[in-house]
Amino acid sequence: MNFVSFIPCRLGEPITAIDISDGNIAFGSIIGYYGVYNIDSDELRYGKECLSELVRAAKLFKKKLYLTNGDENIAVVSLDSLDQMVLQEYPELRYKHEVCSNYLSFFSIEKEQNLLSTILVFAPTTEVNRQILERPNDVKICTYLTRFTESGQAEQHEITDKIKLKNYSVIMDFSDSRLLYLFRRVPSPLTVDDEPGPFVVCVHDFEKNDVIKLVDLPESIKLLRFFGTGFVFVLNNKSLAFYDIFLRKTETLFKNNITIVTLAVDPHAGRVAFIDKASNISVYDQKQNMMSISQVPLKSIATLPPDLKNYNNFEMEYPYFAALDGKLFAFTTDFGIYAVKLEN
């Protein structure tokens with residue numbers, strides 16, 4: 001394993017989105033700045049100006065960087081002119097919710113069709129009256145599925161009639177036309193039932209307009225990501241597990257002895273990489289059905305700069321993010337982004 005690069009961020013201004021493609025690492029932050037690091041040229045470039053809000057998601061597609069700007073906007077910038085003021089926003093992709101403008105966005109590349117898809121989903125918050133949010137006929141809850149072509153043209157589909165997430169629905173992943181999320185029934189303020197229901201894992205297929213509800217999974221799961229015929233997830237904070245949707249079966253892939261803080265999947269290579277709170281890196285290889293890397297300390301990498309060995313990377317307990325592309329694994333920390341090459 002070799003150290004590739006470190007991209008610093010200011011403490012208290014964490015990175016909130018990250019992606020890897022063709023030797024480029026793209027990222028965006030909680031205060032709206034964004035940039036791209038090219039590994040071959042060892043060049044780090046930032047956008048000329050910050051976005052108006054935090055970057056919720058980032059995706060590299062062909063020669064462009066796609067960014068979710070806050071709650072409503074999709075922004076696109078050419079990699080050839082990243083450091084120039086050429087940021088393009090799509091005003092037709094904006095939507096202002098009448099009750100709450102809190103959205104989450106996820107990107108996915110449809111490789112067979114050579115398209116980039118993004119899903120923009122209304123996510124209720126506890127600051128809004130729960131009774132209003134949970135009206136069964138609340139037509140204000142809007143969801144958009146947008147597809148971008150290689151030329152940058154956008155086609156947007158409103159799929160509100162297909163999905164209406166309610167409070168305590170937590171989106172975990174989006175892949176092509178499928179959405180993976182957790183749902184929990186919330187007690188109604190009008191009833192004496194004051195106990196919330198159990199978490200249910202849901203897989204929503206927009207093409208088939210079908211929802212698979214998985215009620216046989218424990219509540220102690222997090223970091224769910226589509227993978228193969230199902231999804232991987234972290235169980236009890238420390239174990240990497242896989243759930244096969246068709247077989248309805250859970251398999252424990254690896255038991256870590258330290259809390260796992262983030263993970264990433266490369267579905268085409270059949271790999272899952274994760275890092276724990278003590279900065280140990282592990283990789284599961286689906287083709288070999290084994291751990292190809294098991295708890296290798298980041299600080300043990302010989303090429304890691306000495307000053308980085310003094311960092312305790314996960315003390316702030318932010319949400320941390322990671323990306324995996326072939327042999328390249330990048331992950332966010334309190335101090336910035338680490339990129340490592342998993343194999344020599």
Checking [X] side chain against [Y] main chain: does a donor-acceptor pair fall under 3.5 Å?
X	Y	result
S300	P297	yes
D173	F226	yes
Y320	Y318	yes
T118	F106	yes
S177	F206	no
T332	F321	yes

Is there side-chain contact between [X] and [Y], with heavy atoms separated by less than 4.5 Å?
X	Y	value
L240	N256	no
T333	Y311	no
N69	S52	yes

Between [X] and [Y], is there a shared hydrophobic cluster once you connect ILVMFWY residues whose side-chain heavy atoms come closer than 4.5 Å?
X	Y	result
V265	M172	no
I74	L115	no
I221	V203	yes
L224	V170	yes
V283	M1	yes

R271 with D266: basic N within carboxylate O range, under 4.0 Å: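 Not counted as a salt bridge, because no side-chain N and carboxylate O are separated by less than 4.0 Å.
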Smallest separation among heavy atoms of [X] and [Y], with atom names:
X	Y	answer
F6	F335	CZ-O, 3.3 Å
I301	V340	CD1-CG1, 4.0 Å
A339	L328	CB-CD1, 4.4 Å
I258	K277	CG2-N, 4.0 Å
I119	F174	CG2-CG, 3.5 Å
L65	A58	CD1-CB, 4.3 Å

Centroid-centroid distance, Y66 to F148, less than 6.0 Å: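 Under 6.0 Å, so yes.
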Return the set of residues passing side-chain hydrogen bond (donor to acceptor under 3.5 Å, both in side chains) with K299 (not counting sequence neighbours), or none when no residue passes.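 Checked K299 against side-chain hydrogen bond (donor to acceptor under 3.5 Å, both in side chains); zero matches.
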Under the rule for side-chain hydrogen bond (donor to acceptor under 3.5 Å, both in side chains), what residues qualify as partners of D325, not counting sequence neighbours?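 Expected list: none.
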Working to the nearest 0.5 angstrom, can you tell me the gap between [X] [atom1] and [Y] [atom2]?
X	Y	atom1	atom2	result
S81	K64	OG	NZ	9.5 Å
I7	I25	CD1	CD1	5.0 Å
N38	L82	CG	CG	11.5 Å
L120	F107	CG	CZ	9.0 Å
N312	S279	CG	OG	7.5 Å
I245	L180	CD1	CG	7.0 Å

Residues that C202 engages under side-chain contact (heavy atoms from CB on, under 4.5 Å), provided they are two or more places apart: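 With neighbours one apart ignored, the set is Y181, F183, V200, V211, K213.
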Using the side-chain contact (heavy atoms from CB on, under 4.5 Å) rule, take L116 and K62 through it: C-alpha gap first, then chi angles, then the decisive distance, then the call. CA-CA 10 Å; L116 172 69; K62 302 303 181 181; over 6 Å; no
Could you walk me through whether R248 and I212 pass side-chain contact (heavy atoms from CB on, under 4.5 Å), step by step? CA-CA 11 Å; R248 300 293 180 98; I212 299 176; 3.4 Å; yes
With sequence neighbours left out, what residues match E43 under salt bridge (Lys or Arg N to Asp or Glu O under 4.0 Å)?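 Counting only residues at least two positions away or on another chain, E43 forms no salt bridge (Lys or Arg N to Asp or Glu O under 4.0 Å).
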Pair D42, S5 - check side chain to side chain donor-acceptor pair (under 3.5 Å), show working. CA-CA 8 Å; D42 190 28; S5 183; 4.8 Å; no
In terms of side-chain heavy atoms, does [X] have a donor or acceptor partner in [Y] at a distance below 3.5 Å?
X	Y	result
E13	S29	no
D334	N313	no
D216	Y243	yes

Heavy-atom neighbours of [X] [atom1] exceed 12 at 6.0 Å:
X	atom1	value
N114	CG	yes
K255	NZ	no
R10	CZ	no

Enumerate donor-acceptor pairs with a distance under 3.5 Å from any side-chain N or O in residues 229-238 to protein atoms, sequence neighbours excluded.
from: T229; atom 1: OG1; to: D244; atom 2: OD2; distance (Å): 2.8
from: N236; atom 1: OD1; to: S220; atom 2: OG; distance (Å): 2.6
from: N237; atom 1: OD1; to: K222; atom 2: NZ; distance (Å): 3.4

Show the numbers, then the answer: is there a ring-ring contact (aromatic ring centres under 6.0 Å, His included) between F329 and F274? CA-CA 9 Å; F329 179 45; F274 63 87; 8.8 Å; no
Could you please spell out the steps behind the side-chain contact (heavy atoms from CB on, under 4.5 Å) verdict for N289 and E251? CA-CA 11 Å; N289 192 26; E251 177 185 359; 4.1 Å; yes
Once side chain to side chain donor-acceptor pair (under 3.5 Å) is applied, what residue pairs with a partner in residues 197-211 remain, sequence neighbours excluded?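 Non-adjacent pairs meeting side chain to side chain donor-acceptor pair (under 3.5 Å): R147-E207.
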Specify whether F331 and Y338 have parallel, tilted or perpendicular ring planes, treating 30° as the upper limit for parallel and 60° as the lower limit for perpendicular.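 Taking Y338 first and then F331, their aromatic rings lie parallel (interplane angle under 30°).
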Go through the steps to decide whether T250 and L217 satisfy the test side-chain contact (heavy atoms from CB on, under 4.5 Å), and finish with yes or no. CA-CA 8 Å; T250 300; L217 285 162; 3.5 Å; yes
